[in-house]
Amino acid sequence: MLTWLLQGLNEFLQYILDSLGIINPQTSQGNLLVEQPPELTNADLEFLFNELLEGVHQARGERWALKYLQRMEPRITVDRWLDWLLNYGDKLLSSPAPNHELAQRLVQLGELGIGEISNLSHDIGIQLLWRNMNQDDEPDQEPQELVISIPSQEKLDSPGQELLSQFGQELWAVQDVDATTDKSVSQLIEDLLTNNSIGTTGKSLSRNTTKEKPQTESHSHGNDDTVQKPPQNVEEVFTEPLAPHKESLIAIQPHQLASTLDELMVRLEQSTNLVEQLASDLAIRDGQIVQLTSEIFVPHQAETLFYQGLQQAKSGNLLAALALYQCASQLQPQVYEYWWHQGLVLLHLHRFTEAIAAYNQTLSLKPDLYKVWCSQGCLQCELGEFEPAIAAFDQAISIQPDYQAAWSCRGLALLKLGSISEAITSYDQAIKLQPQDAEAWYYRGIALALIQQNVEAIASYDQALILQPDYHEVWIDRGIVLFNLKRYAEAIASYDQALSIQPEFYLAWYNRGVSFENLGDREEAIASYQKAIAIKPDFHPAWYNQAVALFYLERFAQAISCYDNALQIKPDYWEAWLGRGVAIAHLNSYQSSLILVSNISKSNPALNLGGYEGKLASYQEGLKHIRPDTHPEGWARLHIAIGNTYYEQGKKEPTPHNYWHNAISEYQLALRQPQEDYPHIDNYQRTASTPEDFPELYLEILQSLIKVFICLQETATAQELQKQAMELLQQLLSDPTCSDESKKQLTLKFADFEQLAFDLSYKYMDET
């Protein structure tokens, strides 16, 4: 009888545990096989497991984690992992240290869902979180919080993110607990044990002892009138109206549940009367158990978990809140609030894809939640899914036409999609609903600037600044528009306003330097670039621009050092290789000794030689980092620069022909590259510079080739190239899309073609 009763009670309580997603340590360990390969110690396993957790924390993903475990399989079986992990979990749970970060990583591994190791890690992580939460509720201890990064105002990059932050305030809206909140499982079992007499050797788990009442033995299960029952039987415990439990909203902790069950089993073994009574009360069918837990226990438990999740979210423990919301939605998947709050937490954890899935579930249950539609659209914007985002905003607007945030975010999505006019219309509507929205004025200004309505853009920026004078991003963009209008002094004043608000904004310093350079004040420009570099040392455009300014000030050695700094950050920065070559050509042997040796020049000392050698070495070194398929223009221009270097040097030599033939080879390489040098290119010959892709560059190469062939007195070849060049130039000048200013620039740039034609005619007359 006792064996049957214990088995039945275990099955009933295990059913409750399973419905909550809680693993009973007493039952979960029995199926594990212990295997300890002699070649790996527990310390080795801990090291390898921490590597796995670190990879998961770095978001390498499910596929990486599976491959990592598969690589270990020849040496570590799954059973070995599980056995070690159980011991490791026991050690963590017995330690007083909170281990918040480790708990989060264990839960992250569990959420990948890659097998038993993942599942056990999740359980240990959740138990650690539960343990920490329980410690936080103890009055003798200082409260501790999980370290969760919530986006601050300074980190927000878009009105979409700002909206998410504002909408996320619902995370902290903890609702009052209803007066009929049910007791937790632990309280129910305590009540059961307290109100049943168990004999003098029994051990009570209740905090409040009650006086024993006499009981009579009964072997009948049918007639309640003939049986004197204890004050509460099992069925009554789960069906009577439940009084408010104000001490805590936390459901039973896993370790508390295990010890409580053990105590209950001891009491049952010691009390025949209690055994028989429980046997009578537990004589119900499986279907009745399902109905009992689903109709009475599950809804109340889900609500309790949800309220506890709200409290954890309010205190900043977002992972713990997420786990509680997920448990609640597993118990009651039809309650949309549980899914909604999952989405809010996932949003703040930047797990956008999962947040969208939670919002989809919310909207399938309650499709008229316009704020959820808007939030979903903002998440899709963050993922670059602009068309679905616009559809979501349209849904929000169809439900709530005066929802200003949806109009504003719709404008941003249209802006990023390139539908500028529609974006402006959306922002106009947002401003009509809320004229004091500085952000809507700002992004409206951006849209106007994109279609070159610069004056209107500045007016929109000014309106934003009237509403929010410390909006430093607006001052920056306003400066850029003024710069495009060539109002450089006003642009600098706008940048100065931005820097007075945000002095560490390196882009403002950089733009300020460019403006000063356009005003011809290169010393001020260099000072601004140095400020930008001090804030962000790896900002290579500032190093490059500083080098250019130093070059024009004829401080060539300093310019080369700046070029080298830019190239250390970005080795394929072909413009810097070209600039370096030109700068070092201006140095003689004495001046070149002043150049500081950099990481760029350590392995190639020729890079610091002055004159022709250093110039040629700079261009050739640059080609080691530039490929024709990834940087076709840079690759071609470096070859042109090498060709020009050979051509100019040949003009200085008594026997120039070798130099000029080398120049021709470089120019031809700029036009095409043989397959054997780059076998990954599909065609036999890949054109690096074509008339279609780079027409002006193509003309430059033809122009250089004609000059060299004239010098070599190969008149026929030069005439053929001249004909090709003139035809291409005429095509460019007759292009209806080419502006008058562009045509003027082309004519001036290639005016030499007329002189070359004259030279060719003169040579031809001499030859005939």
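- Not counting sequence neighbours, the partners of L93 by the side chain to side chain contact (heavy atoms under 4.5 Å, CB included) test are Q127, L128.
- At least one donor-acceptor pair closer than 3.5 Å links the side chain of H341 to the backbone N or O of E337.
- Qualifying side chain to side chain contact (heavy atoms under 4.5 Å, CB included) partners for F386, counting only residues two or more places apart in sequence or in other chains: C381, K416, L417.
- At distances below 3.5 Å, at least one donor-acceptor pair connects side-chain atoms of S121 with backbone N or O atoms of I117.
- In plain terms, the two heavy atoms of L106 and G125 that are nearest each other are CB-CA, 3.8 Å.
- A parallel orientation is assigned to the rings of W84 and Y88, their planes being inclined by less than 30° (bins at 30° and 60°).
- When the salt bridge (Lys or Arg N to Asp or Glu O under 4.0 Å) test is applied to K366, the partners found at least two apart in sequence or on another chain are D368.
- What you find for P537 and I569 is that their closest heavy atoms are O-CD1, 3.6 Å.
- Across P367 and I399, no two heavy atoms sit closer than the pair O-CD1, 3.6 Å.
- Across A302 and A328, no two heavy atoms sit closer than the pair O-CB, 3.5 Å.
- By the side chain to side chain contact (heavy atoms under 4.5 Å, CB included) test, I535 is found to be paired with E504, Y506, W509, residues two or more places apart in sequence or in another chain being considered.
- Checked by atom type and distance alone, the side chain of S364 pairs as donor or acceptor with a backbone atom of Q361 at under 3.5 Å.
- Not one N or O on the side chain of S408 forms a donor-acceptor pair closer than 3.5 Å with the backbone of Q404.
- Partners of Y370 by ring-ring contact (aromatic ring centres under 6.0 Å, His included), not counting sequence neighbours, listed by chain and number: Y403.
- Take E385 and apply the side chain to side chain donor-acceptor pair (under 3.5 Å) test, not counting sequence neighbours, and it matches no residue.
- Of the possible donor and acceptor atoms, one in the side chain of S315 sits under 3.5 Å from a partner among the backbone N and O of Q312.
- Panel note: side chain D83, backbone D79; no donor-acceptor pair is recorded below 3.5 Å.
- Looking at residues two or more places apart in sequence or on another chain, you find a salt bridge (Lys or Arg N to Asp or Glu O under 4.0 Å) between E111 and R351.
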L324 vs F306, test: side chain to side chain contact (heavy atoms under 4.5 Å, CB included). Steps then yes/no. CA-CA 6 Å; L324 289 160; F306 173 65; over 6 Å; no

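- With sequence neighbours excluded, no residue forms a salt bridge (Lys or Arg N to Asp or Glu O under 4.0 Å) with E62.
- Evaluation of the salt bridge (charged side-chain N to carboxylate O under 4.0 Å, His left out) test over residues 316-327, restricted to residues two or more places apart or in two chains, returns none.
- Without hydrogens or angle criteria, N317 side chain to A313 main chain gives no donor-acceptor distance under 3.5 Å.
- For K536, the side chain to side chain donor-acceptor pair (under 3.5 Å) partners at least two apart in sequence or on another chain are D538.
- Residue pairs that meet the ring-ring contact (aromatic ring centres under 6.0 Å, His included) test with at least one member in residues 61-80, sequence neighbours left out, are W64-Y68.
- By the side chain to side chain contact (heavy atoms under 4.5 Å, CB included) test, S329 is found to be paired with Y338, W339, Q342, residues two or more places apart in sequence or in another chain being considered.
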